[in-house]
Amino acid sequence: MKKLLILLAAAIASQGAAEACTNFIVTKGASTDGSVMVTYAADSHALYGALYHTPGGKHKAGTTLPIYEWDTGRYLTAIPQPAITWSTIGNMNCHSLVIGETTYGGREELTDPTGKIDYGSLIYVTLQRATTAREAISTIVELANTQGYASEGESFSIADPDEAWIMELIGKGFEDDGQGGNARKGIVWVARRIPDGYVSGHANQARITTFPKDDPENCLYAPDVISFAREMGYFEGADDDFSFADAYCPADFGTVRGCDARVWAFFHRVADGMDEYRDYAMGYDLKKRMPLWVKPRAKVSPKELFDCMRDHYEGTPMDMTSDLGAGGHACPYRWRPMEFEVDGVKYLNERATATQQTGFWFVAQARPNVTRDMGILWFGVDDAATSCLTPIYCSASEVPECFREDNGSMLDYSPTSAFWLFNRVTNFAYMRYDMMSADIRKAVDAWENNKAEVQIPLADMEAAKLPAKKRVRYLTDYSVRTAQQLFDRWSKLDKYLLLKYIDGNVKSEHASVLEYLDGPGSAAHFVENGNGRDIPGNIQFPGYNEKWKRAVAADNGEVLKVIKQ
């Protein structure tokens with residue numbers, strides 16, 4: 001066991017910022033409203049949470065597009081623009097095409113130092129050029145093979161209103177062609193269509209193992225995906241036994257416990273029978289591999305999927321709220337690094353779906369029974385567990401001020417930035433998580449349920465009456481206005497939490513947090529001492545949880561013990 005823990009800690013500690021993302025996928029037959037849904041959490045300690053927007057347009061022959069590496073900003077190349085490109089908002093375009101990603105790394109020798117297009121650019125350039133999931137797969141392959149792939153092994157979620165795919169790819173390394181170029185330029189890859197009625201996911205570990213070779217409706221792949229693995233010595237055996245993940249990204253304890261476990265937690269929440277794979281998820285039995293997709297016990301609603309992104313392994317042996325590391329207030333976070341050492345033995349900190357270093361996250365809905373410009377990108381910034389999603393229609397032509405890319409940065413605080421506002425609220429909540437997160441969650445649920453169940457249906461009806469250009473204007477105005485309303489509401493929540501929880505105390509209230517947010521937010525919300533001078537009355541001192549008190553007593557009880565006189 002000690003050896004396994006050491007392996008996990010080393011594996012997780014070696015992962016870079018770009019490798020810490022989570023995607024869950026729900027097909028239309030598995031969702032309550034018939035939409036195809038994709039989630040994505042962009043988890044990086046250096047990423048500033050903002051909403052990206054690129055307008056569509058027509059381009060003259062000879063026009064080029066500069067390519068900058070998404071993670072570093074490094075200039076890579078310029079590529080020819082097609083005659084027409086599509087408008088994009090975040091990771092969705094105006095045709096309801098969605099692309100998410102997680103980096104799995106894979107074999108280090110397959111990185112191409114001469115590659116000119118990185119994984120982030122593949123996403124956003126493809127969204128500008130493709131209209132369907134299948135077109136997106138073809139576009140990614142063409143771009144990577146033409147320009148050379150500049151990143152590590154990558155898993156993509158690719159979806160449109162009809163279908164959802166997982167695509168996994170990796171470069172081929174470098175071999176001098178004698179002219180200063182790379183004889184191995186390009187990628188090996190495989191893409192599998194998720195059967196309708198099923199859910200899937202990936203989280204920084206390659207997930208596609210064996211795959212059908214003669215079913216182009218449901219499986220696409222590079223012609224040399226197997227032969228290249230043979231050439232490199234990664235695989236021996238019959239073609240039918242070839243596993244992409246085992247060849248190009250072999251699983252070990254660290255990649256399963258730190259990565260695949262997040263997918264297992266999602267499956268465990270929505271499907272039956274997943275206890276069978278618990279030992280796999282914990283890294284104890286790698287032979288009991290988890291399936292690529294599962295059928296949920298019931299159809300998954302958008303709100304349920306939102307909440308799956310807020311998971312900390314609650315109710316499982318990896319529950320981050322229940323051990324001593326959660327402190328005296330059940331905080332489900334472990335500050336980095338991902339390992340620690342005691343008496344020469346290394347131990348791990350769990351890596352759950354919800355995490356403190358999220359830059360932005362979303363749940364995208366490619367929806368049926370509406371025009372394709374009415375897909376919804378439910379968008380949020382910072383930690384998913386204590387932040388809130390707001391609906392952005394996929395054809396929106398403007399970005400709300402609070403989500404604008406140049407409104408602040410990781411090195412520049414902005415009082416009008418949603419990223420900084422949500423971080424203010426969340427970082428305060430980490431201090432007394434068991435109490436503050438409950439108030440935050442009430443605010444989250446009230447907002448998201450109201451928008452999903454009441455406001456979006458009304459906006460849909462109004463938009464459906466309009467011709468295309470006016471519809472886009474209406475949907476843009478709705479998206480911008482709603483996001484700014486959320487910003488204002490969270491500003492009020494920020495003040496409420498400070499008022500209620502200052503200095504480790506808890507002020508008594510006449511009503512709940514929702515009444516404070518929906519009302520004037522005055523001092524009258526809190527209980528005062530009866531003298532009419534805004535002095536609080538009935539202040540509570542809840543202290544710490546029982547596990548923490550016992551731990552403190554065991555650690556320093558002889559010094560802290562109260563002596564009876």
I'd like to know whether Asp246 forms a salt bridge (Lys or Arg N to Asp or Glu O under 4.0 Å) with Arg289, so could you lay out the CA-CA distance, the side-chain angles of the two residues, the decisive distance to 0.1 Å, and finally the verdict.
CA-CA 11 Å; Asp246 291 330; Arg289 194 148 197 162; 2.9 Å; yes
Give me the atom names and distance for the closest heavy-atom approach of Tyr119 to Asp71.
OH-OD1, 2.9 Å
Distance in Å, Ile158 CD1 paired with Leu97 CG, rounded so as to fall on 0.5 Å steps:
8.0 Å
May I ask you to check whether Glu101 and Tyr40 show a side-chain donor-acceptor distance below 3.5 Å?
yes
Does Glu168 pair with Arg207 as a salt bridge, N-O distance under 4.0 Å?
no
Aromatic plane relationship, Phe306 with Trp378 - under 30° parallel, 30 to 60° tilted, over 60° perpendicular
tilted
Could you give the distance from OG (Ser395) to CG (Leu377), rounded to the nearest 0.5 Å?
11.5 Å
Residue pair Ile194 / Ile166, side-chain heavy-atom distance below 4.5 Å
yes
Quick one: do the Trp361 and Ser387 side chains pair a donor with an acceptor below 3.5 Å?
yes
Supply the atom-to-atom distance Leu305 CG to Phe24 CZ, rounded to the nearest 0.5 angstrom.
8.0 Å
So, the side chain of Asp160 versus the backbone of Ala133: is there a donor-acceptor pair under 3.5 Å, distance only?
yes
In this structure, CD1 of Ile140 is separated from CD1 of Ile187 (nearest 0.5 Å) by 8.0 Å
Closest non-hydrogen contact found for Glu341 with Lys346 is OE1-CE, 3.5 Å
Residues Asp224 and Ser227: side-chain donor-acceptor under 3.5 angstrom
no
With heavy-atom distances below 4.5 Å as the criterion, would you say the side chains of Pro291 and Tyr277 are in contact?
yes
Residues Lys213, Asp239: salt bridge by 4.0 Å N-O rule:
no
Which atom names give the shortest non-hydrogen contact between Tyr198 and Thr27, and what distance separates them?
O-OG1, 2.7 Å
So Leu220 and Trp165, side-chain contact (heavy atoms from CB on, under 4.5 Å) or not? Walk me through it.
CA-CA 10 Å; Leu220 304 168; Trp165 292 70; 4.0 Å; yes
Under 3.5 Å side-chain donor-acceptor pair for His202 and Ser157
yes
Any donor-acceptor N/O pair, Asn182 side chain to Glu175 backbone, under 3.5 Å:
yes
Say you draw a straight line from CD of Glu135 to OG of Ser138; how long is it, rounded to the nearest 0.5 Å?
8.0 Å
Which atom of Thr355 lies closest to which atom of Arg336, heavy atoms considered:
OG1-NH2, 3.4 Å
Does Arg262 use its side chain to pair, donor to acceptor, with the backbone of Asp311 at less than 3.5 Å?
no
Treating Ser44 as the side-chain partner and Ala46 as the backbone partner, does any N or O pair qualify as donor plus acceptor under 3.5 Å?
yes
Is the shortest distance from a Lys or Arg side-chain nitrogen in Arg310 or Asp307 to a carboxylate oxygen in the other one below 4.0 Å?
yes
Pair Asn91-Tyr124, side-chain hydrogen bond (donor to acceptor under 3.5 Å, both in side chains): steps then yes or no
CA-CA 7 Å; Asn91 287 54; Tyr124 298 111; 2.9 Å; yes
Is the ring pair Tyr221/Phe211 parallel, tilted or perpendicular, if the boundaries are 30 and 60 degrees?
tilted
Got a salt bridge between Arg134 and Glu163, using NZ or NE/NH1/NH2 to carboxylate O under 4.0 Å?
yes
If you measure from CZ on Arg351 to CG on Asn204, what distance do you get to the nearest 0.5 Å?
6.5 Å
Are Arg372 and Asp162 ion-paired here, with the side-chain N under 4.0 Å from a carboxylate O?
yes
Would you check, one step at a time, whether the test side-chain hydrogen bond (donor to acceptor under 3.5 Å, both in side chains) holds for Thr426 with Asp382?
CA-CA 8 Å; Thr426 297; Asp382 192 36; 3.3 Å; yes
Taking it one step at a time, do Tyr430 and Trp335 satisfy ring-ring contact (aromatic ring centres under 6.0 Å, His included)?
CA-CA 11 Å; Tyr430 292 153; Trp335 315 133; 5.3 Å; yes
Any idea which heavy atoms bring Asp323 and Arg334 closest together, and the distance?
OD1-NH2, 2.6 Å
Any side-chain to backbone donor/acceptor pair from Arg269 onto Ala265? Under 3.5 Å, distance only.
no
Working note: Tyr333 + His312, criterion side-chain hydrogen bond (donor to acceptor under 3.5 Å, both in side chains); need CA distance, chi angles, decisive distance, verdict.
CA-CA 8 Å; Tyr333 296 94; His312 305 108; 2.9 Å; yes
Ignoring hydrogens, what is the shortest heavy-atom contact between Ile89 and Ala396? Give both atom names and the distance.
CD1-O, 4.1 Å
Residue pair Gln205 / Thr255, side-chain donor-acceptor N/O under 3.5 Å:
yes
Side chain of Thr316, backbone of Met318: donor and acceptor closer than 3.5 Å?
yes
So does Trp264 get a backbone contact from the side chain of Tyr280, meaning a donor-acceptor N/O pair under 3.5 Å?
no
Do Phe362 and Met92 have side-chain heavy atoms sitting under 4.5 Å apart?
no
For Arg129 and Thr139, which I'm curious about, is there any donor-acceptor pair between the side chains at under 3.5 Å?
no
Reference residue Phe360; test ring-ring contact (aromatic ring centres under 6.0 Å, His included); the match among Phe403, Phe422, Phe379:
Phe379
